[in-house]
Amino acid sequence: MPSLPTRLLVADDDPAVLEALRLLLKGEGYQVETATSPGGVLSAVEARDFDALLMDMNYTRDTTGGVEGLDLLSRLQTLDATLPVLVMTAWGSIEGAVEAMRRGARDYIEKPWDNARLLQQLRTQIELGRAIRTSQRLESENRTLRRDGTPELVATSAAMQPVLRLMERVGPSDANALITGEHGTGKEVVARWLHAASARAGRPLVTVNLSGLAEGVFESELFGHMRGSFTDAKTDRVGRFELADGGTLFLDEIANLSLSQQSKLLRVLQTGELERVGSSKTRRVDVRVLSATNADVAAEVAAGRFREDLLFRINTIELRLPPLRERREDIPLLAMHFLGDYAARYRKPTAKIHPDAMRTLLAYGWPGNVRELAHAIERAVLLAEGDAVRPADLNLRPPGEGSTRLEDLSLEEVERVLIQKALARFEGNVSAAAKALGLSRSALYRRLQRHSL
């Protein structure tokens, strides 16, 4: 979405000062409004949002004490404490400027001012004000997010800290992001967090699992179709892009798209325009796109299986999530988080994890990453007797500890074991595991979902 112009309010009782500042600031691309009295300032701030206020301290003829300005500052703090206020003062009233800063002003500018210094001070305070407002909005949105039941990000390990810092910087923006990492590392949770941290949080987050879309339904699913456009099109259908208009579209497993599907997707991302299947009407959409994959996209590009120009469109920012084996410090926290969730869901008294069970969790390789951990804790809560999860409830075997005869397992259980072994052998690389098992990536992806791996 196009960025809004920076709006400034300038207040002084001297028309010559107002005109000089208006011309200077307009020349820098700022949108400037003016006021000549404290009442005018208050009315403007009550009516509109401003990125900064540049104000004189005196408004009545022959007054120099700055009392009007100090009183105005106190009232502005009540109206909008995040508004950056820069006060203008003459050489003789520096003490008054210091008092003004105690009352909430962010900086002061000496009259007569130096244009370059004034502009630099103003830019600094505008940026600071925006950062404060963004931080407050994020805090509010995160509270709303938790109330809405969205999973919290449980991550204190050193491996996750760079990811969290990047998320905090990227979240409030409209930048497209590519989230990479092994299967089950939490890519969808990150996408939901990024959406909630953006200005689009009040609009829909629409998720599409691209690995499950056949060639024939891809356009209909993403772009919509008109009644009668093909045999089963009995009614008009709105596509996922239109459903996400004004919000965020999360494209999961984007590396599974065929080259023809990639071309169709690229066109919409480049132009922001689409046509429903069977229609010639062009529709515009305003969508932030978050994508995810467990594939090595750079390798896919090098092999000619993924378009480089599409990669440029989707990875303005790339977030790589480490596998659970690289963030083992988080296992106890994650396990307790899931324990609380599932104990409440199933109304079980299970409230703790026995130390032996925790050692089992820490020793296990977790080829299915956080998703597999969640599934293991859910199963353990259901099986546990009493108030604690014990090793037997987890049904996990650390590498090299015993074995289960395949002939004693059901076909479903054998398939799950073989998939786990393949994932462990290739350290969670789904493409390599699929090749070893003689499956396509899409086929293995469906089995991973079925087995909650």
Side-chain angles (χ1 to χ4, degrees), residues 139 141-157 159-160 164 182-193 196 207 321-404 408-410 412-417 419-420 423-424 428 447-453:
E139 183 180 351
E141 287 172 347
N142 284 335
R143 284 198 299 268
T144 302
L145 187 63
R146 289 192 287 272
R147 285 198 299 270
D148 290 345
T150 301
E152 298 175 34
L153 283 168
V154 180
T156 60
S157 62
M160 281 295 293
L164 297 177
E182 292 177 8
H183 192 79
T185 47
K187 296 186 288 294
E188 184 174 353
V189 175
V190 170
R192 292 163 69 185
W193 192 96
T207 299
L321 301 186
L324 192 53
R325 63 182 174 276
E326 292 180 10
R327 45 179 294 213
R328 288 189 176 275
E329 310 97 295
D330 288 333
I331 290 176
L333 294 173
L334 287 163
M336 292 304 299
H337 171 76
F338 294 134
L339 180 72
D341 283 353
Y342 290 123
R345 178 183 302 181
Y346 296 119
R347 299 181 181 180
K348 296 282 298 261
T350 316
K352 58 187 178 181
I353 297 175
H354 190 277
D356 289 342
M358 188 61 78
R359 281 191 284 271
T360 300
L361 293 175
L362 290 167
Y364 185 66
W366 301 112
N369 292 296
V370 178
R371 182 179 296 141
E372 186 184 5
L373 174 60
H375 179 72
I377 297 297
E378 180 180 16
R379 182 175 60 241
V381 167
L382 290 169
L383 296 176
E385 296 178 357
D387 65 348
V389 168
R390 299 185 181 277
D393 302 323
L394 295 168
N395 195 28
L396 296 173
R397 292 181 181 272
E401 184 185 303
S403 61
T404 303
D408 294 334
L409 302 177
S410 69
E412 282 284 304
E413 290 170 330
V414 169
E415 183 178 75
R416 190 174 198 275
V417 169
I419 290 172
Q420 282 182 304
L423 286 170
R447 285 168 171 79
L448 289 168
Q449 289 182 313
R450 187 168 75 239
H451 293 299
S452 299
L453 290 175

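Counting from 1, the numbers follow the sequence of the chain as shown.
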How many angstroms lie between [atom1] in [X] and [atom2] in [Y], if you round to the nearest 0.5 Å?
X: H375; Y: F338; atom1: NE2; atom2: CZ; result: 12.5 Å
X: L324; Y: E372; atom1: CG; atom2: CD; result: 9.0 Å
X: R371; Y: L373; atom1: CZ; atom2: CG; result: 12.5 Å
X: T207; Y: R192; atom1: OG1; atom2: CZ; result: 8.0 Å

Could you go through residues 387-394 and list every donor-acceptor pair under 3.5 Å that involves a side-chain atom there, pairing it with any protein atom two or more places apart or in another chain?
residue: R390; atom: NH1; partner: H354; partner atom: NE2; Å: 3.4
residue: D393; atom: OD2; partner: R390; partner atom: N; Å: 2.8

For L361 and W366, work out which heavy atoms get closest and say how close.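 Minimum heavy-atom separation between L361 and W366: O-NE1, 2.8 Å.
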Residues forming a side-chain contact (heavy atoms from CB on, under 4.5 Å) with E326, sequence neighbours excluded: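 So E326 forms a side-chain contact (heavy atoms from CB on, under 4.5 Å) with R320, P322, P323.
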Going by the rule side-chain contact (heavy atoms from CB on, under 4.5 Å), which residues pair with R347 if we only count those two or more places apart in sequence or in a different chain?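 Residues passing side-chain contact (heavy atoms from CB on, under 4.5 Å) with R347: none at all.
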Suppose we screen for side chain to side chain donor-acceptor pair (under 3.5 Å). Which residues come up paired with E188, at least two apart in sequence or across chains?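 Once residues adjacent in sequence are excluded, E188 has no partner under the side chain to side chain donor-acceptor pair (under 3.5 Å) criterion.
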Please check if the side chain of K348 supplies one atom and the backbone of Y342 the other of a donor-acceptor pair under 3.5 Å.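 Not confirmed, K348 side chain does not pair with Y342 backbone.
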Under 3.5 Å: donor-acceptor pair, side chain of K187, backbone of E182: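 Judged by distance alone, yes, a pair lies under 3.5 Å.
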Show every donor-acceptor pair shorter than 3.5 Å between a side-chain atom in residues 328-336 and any protein atom, with sequence neighbours excluded, or say none if there are none.
residue: R328; atom: NH1; partner: L362; partner atom: O; Å: 2.7
residue: R328; atom: NH1; partner: Y364; partner atom: O; Å: 3.1
residue: R328; atom: NH2; partner: Y364; partner atom: O; Å: 3.2
residue: D330; atom: OD1; partner: T156; partner atom: N; Å: 2.9
residue: D330; atom: OD1; partner: T156; partner atom: OG1; Å: 3.3
residue: D330; atom: OD1; partner: S157; partner atom: N; Å: 3.0
residue: D330; atom: OD2; partner: S157; partner atom: OG; Å: 2.7
residue: D330; atom: OD2; partner: R327; partner atom: NE; Å: 2.9
residue: D330; atom: OD2; partner: R327; partner atom: NH2; Å: 3.1

Pairs satisfying salt bridge (charged side-chain N to carboxylate O under 4.0 Å, His left out), at least one member in residues 375-384, at least two apart: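 Every candidate salt bridge (charged side-chain N to carboxylate O under 4.0 Å, His left out) pair involving residues 375-384 fails, so no pair, neighbours aside, qualifies.
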